[in-house]
Amino acid sequence: MSVLKRCLKTAWSTVDPETLSAANPALIQNFVQGKWTSTEKTLKIVDPMNGEHFISVPDTSVQEAGPFLDAAKAVTKSGLHNPFRDVTRYKHYGAVCQKVAAQLHEPETFKFFWRLIQRVAPKSNDQSIGEMAVVRTFFENFSGDQVRFLARGFMVTGDRDGQQTQGYRWPYGPVAIIAPFNFPLEIPVLQMMGALFMGNMVTIKPDTRVAICLEQWIRFLHYCGMPLGDVSLLNGHGPTMEHLIRKDAFRMTQFTGGSRVANHLAEISKGKVKVEDAGFDWKILGPDVHDMDYVANTSDQDAYAFGGQKCSAQSIVFAHDNWVHAGFFDKIKALAEKRNLADLTAVPILTWNNTKIQQHVDAVAKIPGAKILFGGETLKEPHRIPSIYGSYRPTAVYVPIEEIYKNFNLVTSELFGPFQIVTSWSSLSQVLPLLEKMEHHLTAAVVSNDPNFLREVLGNTVNGTTYAGIRARTTGAPQNHWFGPAGDPRGAGIGTPEAIKLVWSCHREIITDTGSIPQDWKTPSSS
Ligand SMILES: NC(=O)c1ccc[n+]([C@@H]2O[C@H](COP(=O)([O-])OP(=O)(O)OC[C@H]3O[C@@H](n4cnc5c(N)ncnc54)[C@H](O)[C@@H]3O)[C@@H](O)[C@H]2O)c1
């Protein structure tokens, strides 16, 4: 109660996650050219827990896109700052980060955000607190002088006195970010801050279902000192953002979401994109069986935490026969069956309804030799999750490994929900060709402490974020290691200095040549 009251007293928030409901709905806004603005039409967002309309989000039309285009076009290619110009902004962003981190150590502010996340993308307390903990540490990491250190370049001496070459990390200027629903703050905020640190001006579009989180966050960032002209917040569905991309408003667009949209944006932007797209993330359990309970628990978390709606969620497990004989499948079944809606260890599925999920489960279960190991039906407990969303039990379907070859596209298509394929193997030659055939190379886990086994699997695969060892997982996108796909030249990363530099800056080399010309120099013959 006291926490809620104090939340409402913050200088910047306009909603209260605790009372947000059909009886106390929220209307959120766009932010452009230094002002909060509204649109003619709004989108009605329903509460995933009961189907009631509780948030209205601007449905920005193409006709209303003008101010966003003007704001982006007003920014030069050399950005809002760069190593030659407005350099105090590097320091300023260090100070903004310091203030954000300090504020997030205030329990009321921290709780405000993790509860807001939970209200629109229901996930367990651990999962939503975990998301905000990553965000907070990220801001701690870039406090003080760390933004200017992030943008550091290099120097190499030249061929003569007065000549030297310096490499700079250079901004793109106006850029765009398009974010998905599943990490309402972690994904857009870490990408946006990286873009700002490097000197870009950002136009950002969150997913409509969770847009309230970013809208409140931008109010909070203004309070913490972010200059008003640095970010435009555009709400609505894809077409208006697509219109701006087609108008060449942005020098670069960073997209996180499904592969269909990623490929489309790559075409219309003529390749000026960096993408984090779908994942079909695999885990191999090696021949050495030990720490069964730990490995089973990690597997359950990887497949079903937040209803499997993480791009890093475990989509397929290749369990060595030794694990199968030791009872691995029974262990993961027992863990999955403990999940429930009451504590949000089973949750509404925001992009797949029950009909679509059931169709996919049935299609996979029809493969010769396949069987549903557990789940395969909707949640049993009474609930009010609306039918536009999924309400499905954690599910695993066993498919014999030889049938995966024959039904490759079906088996390896991503179901963004509480669903995984499990299979068994005896020789790596059965597994490696399947990994080679896969299209997405986001996360992977090689569960073994056998160095030879690890070396063989790691040396023959490419996933960008690969965990190796008996404690390996597929999920986990903290701020302390690279997260992103490999093997795709468009691939983006998030969160670490390497990811920020790669995604949000380009290389510029300036060669100075200021020495005096020798007195005996004469114009040589042309060469
Ligand atoms: N690789 C990663 O780091 C990562 C992280 C999270 C989610 N994902 C992937 O995202 C998918 C789930 O998210 P989703 O269903 O929200 O994805 P999605 O592709 O449907 O939507 C993502 C965002 O793109 C916007 N969008 C859609 N069409 C657009 C268009 N034509 N122009 C501009 N913007 C457009 C949406 O409004 C949303 O904001 C899964 O495939 C998941 O694996 C990947």
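The first residue in the sequence is number 1, and the count goes up from there. Just follow the structure's listing: the first ligand is 1, and inside any ligand the first atom is 1.
Closest protein heavy atom to atom 3 (O) of ligand 1: E276 OE1, 3.1 Å. Taking atom 31 (N) of ligand 1 as the reference point, the nearest protein heavy-atom neighbour is E242 OE1, 2.8 Å. Here the protein heavy atom with the shortest distance to atom 25 (C) of ligand 1 is I178 CG2, 3.6 Å. Given atom 8 (N) of ligand 1, the protein heavy atom at minimum distance is C311 CB, 3.5 Å. Ranking protein heavy atoms by distance to atom 19 (O) of ligand 1, first place goes to G258 N, 2.8 Å.
For atom 7 (C) of ligand 1, the nearest non-hydrogen atom from the set D281, L350, N182 comes from N182. Scanning H237, E414, K310 for the heavy atom closest to atom 40 (C) of ligand 1 points to E414.
Ligand-side atoms of ligand 1 in range of A278: 41 (O), 43 (O), range being under 4.0 angstrom from any heavy atom. Per-residue contacts place T351 under 4.0 angstrom from the following atoms of ligand 1 (heavy atoms of the residue considered): 15 (O). With ligand atoms numbered from 1 in the order given, ligand 1 contributes 25 (C), 36 (C), 37 (O), 39 (O) to contacts under 4.0 Å with heavy atoms of K205. Interface atoms of ligand 1 facing G279, defined by a heavy-atom separation under 4.0 Å, are 43 (O). Distances below 4.0 Å separate heavy atoms of F483 from the following atoms of ligand 1: 3 (O). Near A179, meaning under 4.0 Å from any of its heavy atoms, are these atoms of ligand 1: 23 (C), 38 (C), 39 (O).
Partners of K272 under the salt bridge (charged side-chain N to carboxylate O under 4.0 Å, His left out) rule, at least two apart in sequence or in another chain, are D248. Annotation: side chain to side chain donor-acceptor pair (under 3.5 Å) contacts of Y467 (sequence neighbours excluded): R473, H481.
Residue contact check for ligand 1: I187 places a non-hydrogen atom closer than 4.0 Å to it.
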